[in-house]
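In each ligand, atom 1 is the first atom listed, and ligand 1 is the first ligand listed.
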Amino acid sequence: MFEKIGFEQAWTTMTDRYTTWQIAGPGSLIVHETLYLLICLPGFVFQFIPYMQKYKIQKKPEGFESQWKCFKLLMFNHFVIQMPLIFATHLYTKIFNIGYDYESMPTWYSLLLQLYACLILEDTWHYFLHRALHHKSIYKYVHKVHHNFQAPFGMVAECVHPVETVVLGFGFFIGPLMFCTHLILLWTWVAVRLLETIDVHSGYNFKWNPLHLLPFYGGAEVHDFHHMNFHGNYAPTFTWWDKICGTDVQYKEYKKKLADEKQN
Ligand SMILES: [Zn+2]
Ligand SMILES: [Zn+2]
């Protein structure tokens, strides 16, 4: 109850104090940047803790140069490519009559359903477009930038060619364009999507990771294999598209080989 009142107070203070433009533009930018850096932080710290290395999937150190290169590209993507799109949020909320006030907020269970639907739609868009970006005729022009990081770490999640930021990034907007009625969905969807994509790029696999409670969630091991192998496991979140389309065959063989080696 206390938390609910605390959240309600915080939200109404924000909507009373700031204009919808300030909330949708600079507010959304702050939400995105803060979440991105905070979610990346544990993985960044783990590289300095020897105990955590047993959870690392590929036993390769991140390397300072690689992390610096990634950080610079990330800042370019965030502040040159994504910032204008984030600032357009206000226009979008006006056109589609998206609510800001606490009273019109969806219930927590309909919000959860909407978030899961957003994940499914984004996963589908991402799977097919990601697979297309791997086609040999275009791979070297766009998607190769993301694959410069063969052993990924959290920040790599959005270290991509600007064209990829826009093309794959469109998947983020499909769910909101279909059923968003309130700003809270946009902000919680940013949080969920960042948690998911930074987790699968983290390079660390924890069995107790709560994201594994999501049915059919692939996780870090699955996407790490994509970076190591360059082929297969194209879906960002769930395992069903790779299973249906047979693009998880190499991953299954690799897992079987590892299991056999462990037994012998
Ligand atoms: Zn790829
Ligand atoms: Zn990746």
* Kindly assign one of parallel, tilted or perpendicular to the pair Phe206 and Phe46, based on the angle between their ring planes and the thresholds 30° and 60°. => perpendicular
* Asked: Under 3.5 Å, is there a donor-acceptor pair linking the side chains of Asn209 and Tyr55?
  -> no
* Structure fact -> Of all the N, O or S atoms in His134, the one nearest to the Zn ion (ligand 1) is NE2
* **Verdict with supporting geometry, Phe149 and His201, ring pair (Phe, Tyr, Trp, His ring centres under 6.0 Å)** => CA-CA 10 Å; Phe149 306 95; His201 285 93; 9.6 Å; no
* To do: Could you tell me whether the side chains of His146 and His130 share a donor-acceptor contact shorter than 3.5 Å?
  => no
* Test side chain to side chain contact (heavy atoms under 4.5 Å, CB included) applied to Met228 - qualifying residues, sequence neighbours left out -> Gln58, Phe225, Tyr254
* Asked: So which of the N, O or S atoms of His143 lies nearest the Zn ion (ligand 1)?
  -> NE2
* Counting only heavy atoms not in Lys243, do more than 12 sit closer than 6.0 Å to its NZ atom? -> no
* To do: Please work out which of the three classes, parallel, tilted or perpendicular, describes the rings of Trp241 and Tyr127, given edges at 30° and 60°.
  => parallel
* Structure fact -> Within a distance under 2.8 Å of the Zn ion (ligand 2), the protein atoms of type N, O or S are His146 NE2, His201 NE2, His223 NE2, His227 NE2
